[in-house]
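Take a look at the structure below.
Below, chain A is the first sequence line, B the second, and so on; all start at residue 1.
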2 protein chains.
Amino acid sequence: MNQQVDTRTRILDIAEAAVLDKGFEATSIDEIVAGAEISRGGFFYHFKDKNALARAMLERYIATEDALYDDLFARARELNDDPLHCMLIGLKLLAEMLEEMPTGHPGCVIASTAYQDRLFDEGVRELNRQAILGWRKRFRGMFEEIAQVYEPREPVNMDALGDMVSGVVEGGLVLQRALREHNNASEQIMLFRTFLKLLFAPRQQPV
Amino acid sequence: MNQQVDTRTRILDIAEAAVLDKGFEATSIDEIVAGAEISRGGFFYHFKDKNALARAMLERYIATEDALYDDLFARARELNDDPLHCMLIGLKLLAEMLEEMPTGHPGCVIASTAYQDRLFDEGVRELNRQAILGWRKRFRGMFEEIAQVYEPREPVNMDALGDMVSGVVEGGLVLQRALREHNNASEQIMLFRTFLKLLFAPRQQPV
DNA sequence: TGTCAACTGGACTCGCGGTACAGTGGGAAG
DNA sequence: CTTCCCACTGTACCGCGAGTCCAGTTGACA
């Protein structure tokens, strides 16, 4: 039982690294099998097909990402209790984190599966969808909290603003991959941060 | 000669539609061949392999996209001569356009190739890169023009701001595909527009 | 001692990308 | 009228990767 968990996890680890590096389609089962030092039969014992692998990977990714956000904004909250400043600190931490992990951000996988969706089954697509909807809800909640304290300077759709966090990260990662630069995603987040600062700037209330 | 051009264009048209719908990898050569009513041999007569097809498609996409931006901002310029207002109008037009073309935005292809890049050769990757650098240059130029008239309220990296146009579009399209909604990209552009309005808002100079 | 989970190993099918190449039909050049 | 070549057609063939099937092995635990 323990050995099973180990092998399964090992497969996921190796697949994860390969997929982040090369993309899902470019990662062959033979390669994973060789990396994990198991037989092809062993692979199919754990995952009925490549879709099942994709599903398991996505589930892990999303859980990791959620935990990361939880941790990030919890740390930000410790540093400042104000919802706006907490958000700004959290985004700063996120930007720094993205600069440190060169290619390996889970977000990749969302975009990657979104653009090859016909290769995946409904389960994978639905996981993808739920992940983004989850982030929308999370950030919309935070922005609504901010808006109660700082009235937005321009009217904004809060769902769209929540989506913008994911969108800016995804878009930044696309740029980063295509340009072969390494800090585009973090720069995009810093610009989004500037947007929030301006959007929720206090209305000429001097200190 | 004329017939050659026709067949080549027909292949590109059919491939384009299929790729926008399903992604590059999910589009088989057999399918394109059937759609274009030619033989497999005929396909390979025009394109030495799938990479050559990808390159030709990308070139067309990028040219179309550039022409689209040219046209869009030329129309915006006719409506208003001020660089900031021209930008805001252009983005509004872009958002409207994105809402009208449900899935078929060229931007897809950039992101799609970026995430499967190991499947493509250096030529394709370089095309991709140059396209994004071209847009960076284009929009940075426009933002610098704006900044000469309206001093930005917060310091911003002009390259990153230029990239943000592409990034927001790409990110929006990723969300749109994953969520199976249809107006995310245009909403993200409208939010970016709000950002620009705040960033370049005149400093309390009454009219 | 027997059972079961967790594999191994090998043989096989299928679809897809890609190669090779012989042949063909039509239009322009001589 | 012939010749040539461009733009194909059609067929046979290869290799790779996904996925199936299944018989057999090994070690832990009841």
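- Put simply, CZ on F24(B) is 15 Å from P on dC16(C), counting in whole angstrom units.
- As rounded to whole Å, 18 Å separates atom P of dC12(C) from atom CZ of F44(A).
- Counted within 6.0 Å of NZ on K22(A), heavy atoms from surrounding residues, nucleotides or ligands total more than 12; the atom is thus considered enclosed.
- What separates NZ of K50(A) from P of dG15(C) is a distance of 18 Å, to the nearest Å.
- Here dG18(C) presents its P atom at 11 Å from CG of D121(B), a figure rounded to the nearest Å.
- For the pair K50(B) and F24(B), the cation-pi test (distance below 6.0 Å, angle within 45°) is passed.
- Look at CD on E25(A): it is 17 Å from P on dG15(C), rounded to the nearest Å.
- Under 3.5 Å, the side chain of R40(B) and the base of dG10(D) form no donor-acceptor pair of N or O atoms.
- One atom, NZ of K48(A), and another, P of dC7(C), lie 20 Å apart when rounded to the nearest Å.
- For H46(B) and dA7(D), the shortest distance from a side-chain N or O to OP1 or OP2 is not below 4.0 Å.
- Of the two residues contacting DNA chain D, namely G41(A) and S39(B), the nearest-nucleotide position lying further toward the 5' end is that of S39(B).
- When ring centroids are compared, Y69(A) and F139(A) come within the 6.0 Å threshold.
- Minimum atom distance to the side chain of S28(B) is reached by dC16(C), of the listed dC16(C), dT8(C), dG19(D).
- Considering every non-hydrogen atom in both V168(A) and I189(A), the closest pair reads CG1-N, 3.8 Å.
- Taking atom CZ of residue F43(B) and atom P of nucleotide dC16(C), one finds them 14 Å apart after rounding to whole Å.
- The interatomic distance linking Y45(A) (OH) with dG10(C) (P) rounds to 21 Å, in whole Å.
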